Structures are given as C-alpha cells and as structure tokens.
Number of protein chains: 2
Amino acid sequence: MNWEERLSRAGWRITMPRRVVMWVLQQAGHPLSPQEIHARGRRFHRSLGLVSVYRALAVLEQVGLVRRVHREDRCDGYILASPGHHHILLCRGCGRTVEFPGAEDLSGLIAHVERRTGFRVEDHLLQLVGLCPPCRGSRLRSRPSGWETTGQEK
Amino acid sequence: MNWEERLSRAGWRITMPRRVVMWVLQQAGHPLSPQEIHARGRRFHRSLGLVSVYRALAVLEQVGLVRRVHREDRCDGYILASPGHHHILLCRGCGRTVEFPGAEDLSGLIAHVERRTGFRVEDHLLQLVGLCPPCRGSRLRSRPSGWETTGQEK
DNA sequence: CTCTTAATGAAAAATTTTTTCAAAAAGAGT
DNA sequence: ACTCTTTTTGAAAAAATTTTTCATTAAGAG
Ligand SMILES: [Mn+2]
Ligand SMILES: [Mn+2]
Ligand SMILES: [Zn+2]
Ligand SMILES: [Zn+2]
C-alpha cells in the first residue's frame, strides 16, 4: 500500500502540497526543516505556501508517513517514515538518516526501569547519532532488509 | 562538588540569573520552558530578564547542570541534570521526571546497529514516557486535552 | 459534471529566540 | 575593602518560527 492510499484511507485528500512534501522528502534522504521543504517544493509547485507545508507535515506525521527528527540544536527536521515502529540513526557527518526497527532490544532496559521506578513505560524516543561508513572513510556495506535507508543526496 | 563549584571550575561566573534558574528548576521537579522559568524566577529576582534565562540555560546545559527534554509537541523543557550520563523517564500524567543511568543497557542494541549499518554510533538520545505510580492509580480521571506543562503543582 | 466540504495561500498575528549595546556586577589582584 | 578588567546583564529591537484568519480553490463523492 502506497502513501497516497494510506493517506486516503485515513480520510485525507491527496493534494498537491502533500504530494510535494512527500516528493521532496523522498529526494532529500535527510532531515529537512519546513522552510527547506518549502524552498525545494516551490520548484515543482510555484504557488506552494509555507503554511501548507506546516499543515501537510502535521497531517503526514499523524498518519505516520513522516517522522520528526530531534537534534541537539534543532528539532524541526522531518524525514520519510518507514511503516511501523522504527528508530532513527543519524550521521553527524553528512546528515544521512537510517531507520531501524528493534523495539525488542529495549524491552530489557524498560523492564528494568519499570521495576526500579514503579512507572509503567508506554512509549519511548530513541535516536542514535554517529558516523556513516563513507564519513568514517570506510567502504559501504550492503544493508539487510528491515533496515531501510532514506538515502543520501547533495 | 556542588553546581556553583562546577560552574566556576568551568570558567563561568556565579551570577544571580544562573542561581535563580537552578533554584527554580530545583523547586519544580519537572520540565519548565524558558518562559516558565522566567515567570517563576522573577519572584526571587524582580529584574530578571528572559534573555538571561536563555543565556543561563545555554551555559548550564553546556556544563551539564541542566538537561533539555524532548516531547512530542515541544522540546523547550529543561530539568536539573544529575551528574553523569542519564536518561529521562517522564510521566505523561503529571509531568514528573525521573533520571536513570544505564548506558550499558544500550550497548547490545548499539553494537547490533553498528554491525548491521556500518555506522559508528557515538551518541544517543533516549527518553521513556509512561505513568508514575500515583498516576497509574488515577488513570480514570483523564485530564482535559491540551494540558500544559504537566504539573504536580499549581 | 455538480456539489459539498476539505484544503489552500496570502496576510496578519502570535510566539519564540537571537542580536545589540550601554550599564551593572563578578571576582581577581591589590 | 577598593580597584580594575572582563564577563554578564537587561531593555529594546530584530529575526525567525509557528499559528490564526478568511476568502478562494480544488478534491473527490455522487
Ligand atoms: Mn522503539
Ligand atoms: Mn545513554
Ligand atoms: Zn526535540
Ligand atoms: Zn555520513
């Protein structure tokens, strides 16, 4: 099921601004701010308004098609979201973003924390930051399925 | 070693705005935005400027005395930071925040991700969200949506 | 093709954060 | 305590970001 179908089934209309935002994020492969999305999007849709980018991002995020990226300085970056629960791995060299699953890898830690604090843990935010192979000076390796990459550009 | 000594050793001066920010965060026990810190801080330091709160937070965070909290909606909350590497556990009911160590609990996951992506992981952002014991008991009394900075006080 | 309603874009408003700069005050050295 | 140098402050202005408003457009069901 493609994103348009997902959007549609969730009760939203397929509109030009939403198409453009998805298209731009697809091309980029790394987090873009609303302003950046707007700038790039206008190349394809001249009259695109920044407001519509904000609104499109809100909808797309709610439907799970887009994910917000939290960084030390800014938290206004968005990337395309793979379906399902994933975490983000970010290269601090080139900005490339990789998503990976693995909620189960946290279950031990979560159980431990629940035991010691009495809290009931319901959700989590996990992001890893590091250097991708090219940025380390190493050569690229193949990526196993389940580990979709959002690609590199520029 | 107390926070004033730590600030001092890092080459910063102990000033009223910095004292006030530390004092306010200590009292609060849950994340406060710069505006909130400013409002509360003025009770003790009439002429405190919002600008100084921003500047104090920047310095205190850099020295590791204060930590920024990322949330779904806003990422401008600050809490006092325990010395060393900790993670944050946040109650989505009352806003109470607990810090916990445990970098070692992530080492397995990180090693796994490094192996499969070729990335070298250097840092991470981990936050857990859930319900604290008191809030688990009063689960049925749901709060009106739009509740501000989770607060036990008020 | 028609019709209803969601969605858009321009503009304005509201918020948040940063910059500027003269004045104040921290703290080191008398 | 007093002096001196440098950091820090607070007000104001500027910049940047996000939200609201509202008339107009267009998505998509029928
Ligand atoms: Mn997870
Ligand atoms: Mn950690
Ligand atoms: Zn954030
Ligand atoms: Zn890289």
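Because the structure is a prediction, the values reported are computed rather than measured. A note on names: the letters A, B, ... follow the listed sequences, proteins ahead of strands, and every chain is numbered from 1.
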Checklist entry - Does B:Val53 reach the side chain of B:Leu48, with side-chain heavy atoms less than 4.5 Å apart? => result yes

Checklist entry - Where along residues 4-24 of chain B does a heavy atom come under 4.0 Å from DNA chain D, residue by residue in number order? => result B:Trp12, B:Arg13, B:Thr15, B:Pro17, B:Arg18

Checklist entry - Does A:His45 have a side-chain nitrogen or oxygen under 4.0 Å from the phosphate oxygens OP1 or OP2 of C:dT8? => result no

Item to check | Any B:Pro133 side-chain heavy atom under 4.5 Å of A:Arg120 side chain | outcome: no

Checklist entry - Is the shortest distance from a Lys or Arg side-chain nitrogen in A:Arg40 or A:Glu36 to a carboxylate oxygen in the other one below 4.0 Å? => result no

Checklist entry - At their closest point, which heavy atom of A:Pro101 faces which heavy atom of A:His86, and how far apart are they? => result N-CD2, 3.6 Å

Checklist entry - Is the count of non-hydrogen atoms from other residues, nucleotides or ligands lying under 6.0 Å from A:Glu72 atom CD greater than 12? => result no

Checklist outcome for this item: Paired with A:His70, the side-chain hydrogen bond (donor to acceptor under 3.5 Å, both in side chains) test is passed by just one of B:Arg68, B:His70, B:Gln127, namely B:His70

Item to check | Value in whole Å for how far the P atom of D:dT18 lies from OH of A:Tyr54 | outcome: 3 Å

Checklist outcome for this item: Side-chain atoms of A:Ser52 come closest, of C:dT16, C:dT8, D:dT18, to C:dT8

Item to check | Spacing of A:Arg68 atom CZ relative to D:dT18 atom P, expressed in whole Å | outcome: 9 Å

Checklist entry - Quick one: does A:Arg46 reach the base of C:dG9 with a side-chain donor-acceptor pair under 3.5 Å? => result no

Checklist entry - With respect to the phosphate group of D:dT20, does any side-chain polar atom (N or O) of A:Arg55 fall under 4.0 Å of OP1 or OP2? => result no

Item to check | Side-chain touch B:Val66/B:Leu57, heavy atoms, less than 4.5 angstrom | outcome: yes

Next on the checklist: Can you give me the bend angle of the helix from C:dC1-D:dG30 to C:dT30-D:dA1? Use the axis through the first five pairs and the one through the last five, nearest 10 degrees.
Outcome noted: 50°

Checklist entry - In whole angstroms, how far is the C1' atom of C:dT15 from the CG atom of B:Asp73? => result 15 Å

Checklist entry - How would you label the contact of B:His38 with the nucleic acid (heavy atoms, under 4.0 Å): base, sugar-phosphate, or nothing? => result nothing

Checklist entry - With ring centroids as reference points, do A:His124 and A:His85 lie under 6.0 angstrom apart? => result yes

